[in-house]
Amino acid sequence: MSLGLIGRRALGGLSQSARQYATAAATTAPAVKWSTESTDLINRLRDQQKYYATVLIKGRPFTVTQNDIIIMDRIKELELGDALALNQVTELGSRDYTIKGQPLVDPSLFKIQATVIEHPDGKLFTVVKKKQRTAHQRTTYHRNHHTMLRISLLDVNKV
């Protein structure tokens with residue numbers, strides 16, 4: 001699951017059994033035993049000043065850094081101010097070091113949070129459908145809806 005809600009609407013729309021499963025799954029993350037070489041490389045990445053991550057949100061990849069704004073298709077379940085835990089990351093890195101997942105990076109290595117800041121509407125598209133050799137013409141209008149997310153936290157965890 002690429003989106004994990006945090007905060008006031010975290011488990012609101014789930015049934016009782018699904019709510020219990022979600023809280024148990026969130027608290028019992030399996031501990032990964034890293035080799036000393038891997039631990040050293042992860043700590044070198046952690047010592048860097050700025051990080052970037054390639055995150056999958058609704059199946060689409062976004063390369064983000066801290067305080068970036070993502071404009072994406074509308075997610076109806078979200079309200080303004082909701083916080084999301086983004087845990088599907090394909091690549092995590094800095095200027096000098098990169099961790100690539102196969103296919104995803106282990107979620108125990110990082111913490112990425114995004115906050116919903118706006119639900120804007122896109123520009124208005126005019127669609128004209130016309131029949132040839134007749135005076136028949138139909139005009140419709142279409143507007144896409146978007147969700148804006150701000151990456152409020154992007155951090156590499158200590159191993």
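Numbers for residues simply follow the sequence, beginning at 1. On a predicted model such as this, the values are computed, not experimentally measured, just so you know.
Side-chain atoms of Thr147 come within 3.5 Å of backbone N or O of Ile75 as a donor-acceptor pair. A donor-acceptor contact shorter than 3.5 Å links the side chain of Asn157 to the backbone of Ser108. A distance-only check finds a donor-acceptor pair linking the side chain of Arg150 to the backbone of Asn67 [under 3.5 Å]. Checked by atom type and distance alone, the side chain of Arg138 never pairs as donor or acceptor with a backbone atom of Lys129 at under 3.5 Å. Thr98 places no side-chain N or O within 3.5 Å of a backbone atom of Gly93 that could act as its donor or acceptor partner.
A distance of 9.0 Å separates CD in Gln66 from CD1 in Ile151, rounded to the nearest 0.5 Å. To the nearest 0.5 Å, atom CD of residue Glu91 and atom CD1 of residue Ile99 are 10.0 Å apart. Distance check: Lys111 NZ to Asp155 CG gives 9.0 Å after rounding to the nearest 0.5 Å. Atom CG of Leu154 and atom CD1 of Ile112 lie 4.5 Å apart (nearest 0.5 Å). Rounding to the nearest 0.5 angstrom, the gap separating the CD1 atom in Ile117 from the OG atom in Ser152 is 10.5 Å. Distance check: Asn43 CG to Thr36 OG1 gives 11.5 Å after rounding to the nearest 0.5 Å.
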* Should His142 and Asn144 be marked as a side chain to side chain donor-acceptor pair (under 3.5 Å) after you check the CA-CA gap, both sets of side-chain angles, and the distance that decides it? -> CA-CA 7 Å; His142 176 69; Asn144 288 329; 2.8 Å; yes
* Asked: Does the pair Val89 and Leu104 meet the rule for a side-chain contact (heavy atoms from CB on, under 4.5 Å), with working shown?
  -> CA-CA 6 Å; Val89 174; Leu104 300 174; over 6 Å; no
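Not counting sequence neighbours, Asp96 has no partner by the salt bridge (Lys or Arg N to Asp or Glu O under 4.0 Å) test. For Gln137, the side-chain contact (heavy atoms from CB on, under 4.5 Å) partners are Val128, Lys130, Thr139, not counting sequence neighbours.
Cluster annotation: Phe110 and Phe62 are assigned to the same hydrophobic cluster (Ile/Leu/Val/Met/Phe/Trp/Tyr, side-chain heavy-atom contacts under 4.5 Å, transitive). A continuous path of hydrophobic side-chain contacts links Leu92 to Tyr97 [ILVMFWY only; heavy atoms under 4.5 Å]. One hydrophobic cluster, built from ILVMFWY side chains closer than 4.5 Å, holds both Leu78 and Ile57.
Between Met148 and the options Ile71, Ile70, Leu80, Thr115, a side-chain contact (heavy atoms from CB on, under 4.5 Å) holds for only Ile71.
Heavy atoms of other residues, nucleotides or ligands lying less than 6.0 angstrom from CZ of Arg60 number 12 at most. Counted within 6.0 Å of CZ on Arg143, heavy atoms from surrounding residues, nucleotides or ligands total more than 12; the atom is thus considered enclosed.
Between Gln48 and Ser94, the shortest heavy-atom contact is CG-OG, 3.1 Å. A pairwise comparison of heavy atoms in Arg46 and Val156 identifies NE-O, 3.1 Å as the closest pair. The heavy-atom pair separating Val116 from His119 by the smallest distance is CG1-NE2, 3.9 Å.
In this structure, Thr65 and Lys50 have side chains that are not in contact, with every pair of non-hydrogen atoms separated by 4.5 Å or more. Side-chain contact between Tyr52 and Val64 is absent, with no heavy atoms from C-beta onward closer than 4.5 Å.
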